[in-house]
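The first residue in the sequence is number 1, and the count goes up from there.
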Amino acid sequence: MSRFSQYFPARKFFAELFGTMVLVLIAKGAAIALSTDKSGLAIKSLPGSLSGGMGVMMGILITGGTSGGHINPCVSLAMAVGGRLPWVELPAYIIAQLIGAGAGAVIVLICYIDSLEMVSPTILGSSQGLSSSGFPLVLDQFVASYLLLMCIISVVEQGHQPGGLLVGLSVAGIGLGYGGNAGAAMNPAVDFIPRIIGGIWSGINVFNNLFFLVPLLVPFVGGVAAMLTYRFLIGLNEESSSDKAEEHEDVPLENKA
């Protein structure tokens with residue numbers, strides 16, 4: 001393996017880019033579509049959560065065999081901490097996820113361009129809902145991301161199948177439980193980059209409220225905490241972990257036996 005391909009695994013890079021784009025196309029497209037509906041929050045919560053879960057499932061189904069279907073920077077970081085992703089590949093994964101999220105956001109806005117008079121493009125980023133206090137918002141994102149990574153790690157380590165569907169349903173369940181509070185972003189790339197693009201598109205400053213820092217930073221903490229919890233309280237397959245680290249391969253959700 002050349003030094004360049006070690007730091008830039010091209011197939012995995014484009015798989016993560018495309019998978020994250022698919023997730024954004026589904027989840028953020030639903031966000032705009034549901035925002036044009038004047039129904040109450042409780043009525044929108046189910047389709048919104050399901051669309052997020054289905055977007056994750058589709059991203060994993062498409063890319064799981066190549067890159068592991070992380071499509072989320074906090075998942076990639078947690079997998080690196082757990083020895084399931086070589087640290088040298090982590091930057092490529094995160095950059096691909098950021099680019100994919102941006103591409104998906106632009107496509108969604110173009111598809112819904114005729115509806116943007118009814119809803120602001122800033123809807124592409126999560127926002128404060130039932131909670132407005134700092135600590136509950138931080139705890140909300142921590143718990144949501146922690147639960148998500150615990151489910152993902154369990155799928156990978158215990159070989160539950162079909163992995164993509166199970167992770168997608170987990171996302172939907174977490175969204176139903178915490179989406180009304182602050183959007184249950186759980187994915188820094190899918191929240192932050194579309195937020196920026198929505199702000200640029202509409203000419204609105206999306207950084208005048210520091211809430212954006214919560215879904216940008218806290219999921220990383222929740223994800224690493226989940227990996228450490230699983231590793232020390234439940235136990236990773238250490239033999240598999242060391243083998244994968246030596247081979248510089250990730251563990252795909254869809255291919256683990």
Distance (rounded to the nearest 0.5 Å) between Arg231 CZ and Glu157 CD:
10.0 Å

Trace of the side chain to side chain contact (heavy atoms under 4.5 Å, CB included) decision for Leu149 with Cys74:
CA-CA 8 Å; Leu149 264 296; Cys74 70; 4.0 Å; yes

Taking the side chain as everything from C-beta on, heavy atoms only, tell me whether Phe18 gets closer than 4.5 Å to Ile62.
yes

For Ser49 and Leu176, indicate whether the former's side chain and the latter's backbone hold a donor-acceptor pair under 3.5 Å.
yes

Non-hydrogen side-chain atoms of Phe14 and Thr66 separated by less than 4.5 Å:
no

Check for me, please, whether Ile234 and Val81 land in the same ILVMFWY cluster - side-chain distances under 4.5 Å, paths through other members count.
yes

Report yes if the side chains of Met227 and Met79 come closer than 4.5 Å at any heavy-atom pair, otherwise no.
yes

Answer whether the closest heavy-atom distance between the side chains of Thr229 and Ile153 falls below 4.5 Å.
no

Less than 4.5 Å apart, side chain to side chain, heavy atoms only: is that true for Pro136 and Asp140?
no

Run through Leu216, Ile197, Leu213 and flag the one making a side chain to side chain contact (heavy atoms under 4.5 Å, CB included) with Phe192.
Leu216

Consider only side-chain heavy atoms of I, L, V, M, F, W and Y, link residues closer than 4.5 Å, and tell whether Val56 and Met54 are in one cluster.
no

How far apart are the closest heavy atoms of Leu17 and Ile99, and which atoms are they?
CD1-CG2, 3.6 Å

Output for pair (Ile174 CD1, Met186 CE), nearest 0.5 Å, gives 5.0 Å

Is there a donor-acceptor pair closer than 3.5 Å between any side-chain N or O of Tyr146 and the backbone N or O of Val221?
no

Without swapping roles, check the side chain of Gln141 against the backbone of Pro219 for a donor-acceptor pair under 3.5 Å.
no

Can you name the nearest heavy-atom pair linking Leu90 to Ala80, along with the distance?
CD2-CB, 4.4 Å

Side-chain donor-acceptor pair under 3.5 Å between Gln97 and Thr20, yes or no?
no

So, for Ile60 and Gly69, which heavy atoms are closest and what is the spacing to 0.1 Å?
CG1-O, 3.5 Å

Kindly say whether Leu124 contributes a backbone atom to a donor-acceptor pair with the side chain of Lys28 at under 3.5 angstrom?
yes

Answer yes if Ile71 and Ile26 sit in the same cluster of Ile, Leu, Val, Met, Phe, Trp and Tyr residues linked by side chain heavy atoms under 4.5 Å apart, and no otherwise.
yes

Judged by atom type as modelled, is there a donor-acceptor pair below 3.5 Å linking the side chain of Gln158 to the main-chain atoms of His160?
no

Determine whether Phe220 and Pro188 make a side-chain contact, defined as any pair of heavy atoms from C-beta on separated by less than 4.5 Å.
yes

Taking every heavy atom of Gly223 against every heavy atom of Ala78, the minimum-distance pair comes out as O-CB, 3.6 Å

Using atom types as modelled and distance alone, determine if a side-chain donor or acceptor of Ser120 lies under 3.5 Å from a backbone N or O of Thr122.
yes

For Ser126, does its backbone N or O pair with a side-chain atom of Asp191 as donor and acceptor, under 3.5 Å?
yes

Indicate the atoms forming the closest heavy-atom contact of Val22 with Gly59, along with that distance.
CG1-N, 4.2 Å

Ile196 versus Trp201: any side-chain heavy-atom pair under 4.5 Å?
no

Starting from Ile204, can I reach Tyr112 by hopping between I/L/V/M/F/W/Y residues whose side chains sit under 4.5 Å apart?
no

What's the spacing between Met57 CE and Ser170 OG if we round to 0.5 Å?
12.5 Å

Test side chain to side chain contact (heavy atoms under 4.5 Å, CB included) on Leu148 and Asn72 and set out the steps.
CA-CA 11 Å; Leu148 173 62; Asn72 185 334; 4.0 Å; yes

Taking the side chain as every heavy atom from C-beta outward, state whether Val218 and Ser145 have any pair of such atoms under 4.5 Å apart.
no

For the CH2 atom of Trp87 and the CG atom of Leu77, what is their distance to the nearest 0.5 Å?
5.5 Å

Answer with yes or no whether the side chains of Gln128 and Asn181 bring together a donor and an acceptor at under 3.5 Å.
no

To the nearest 0.5 angstrom, please state how far the CZ atom of Phe8 sits from the CD1 atom of Ile95.
8.5 Å

Atom CZ of Arg84 and atom NE2 of His70: how far apart are they, to the nearest 0.5 Å?
10.5 Å

For the residue pair Ser76 and Leu85, what are the closest heavy atoms and their distance?
O-CD2, 3.7 Å

Between Met150 and Val156, is there a shared hydrophobic cluster once you connect ILVMFWY residues whose side-chain heavy atoms come closer than 4.5 Å?
yes

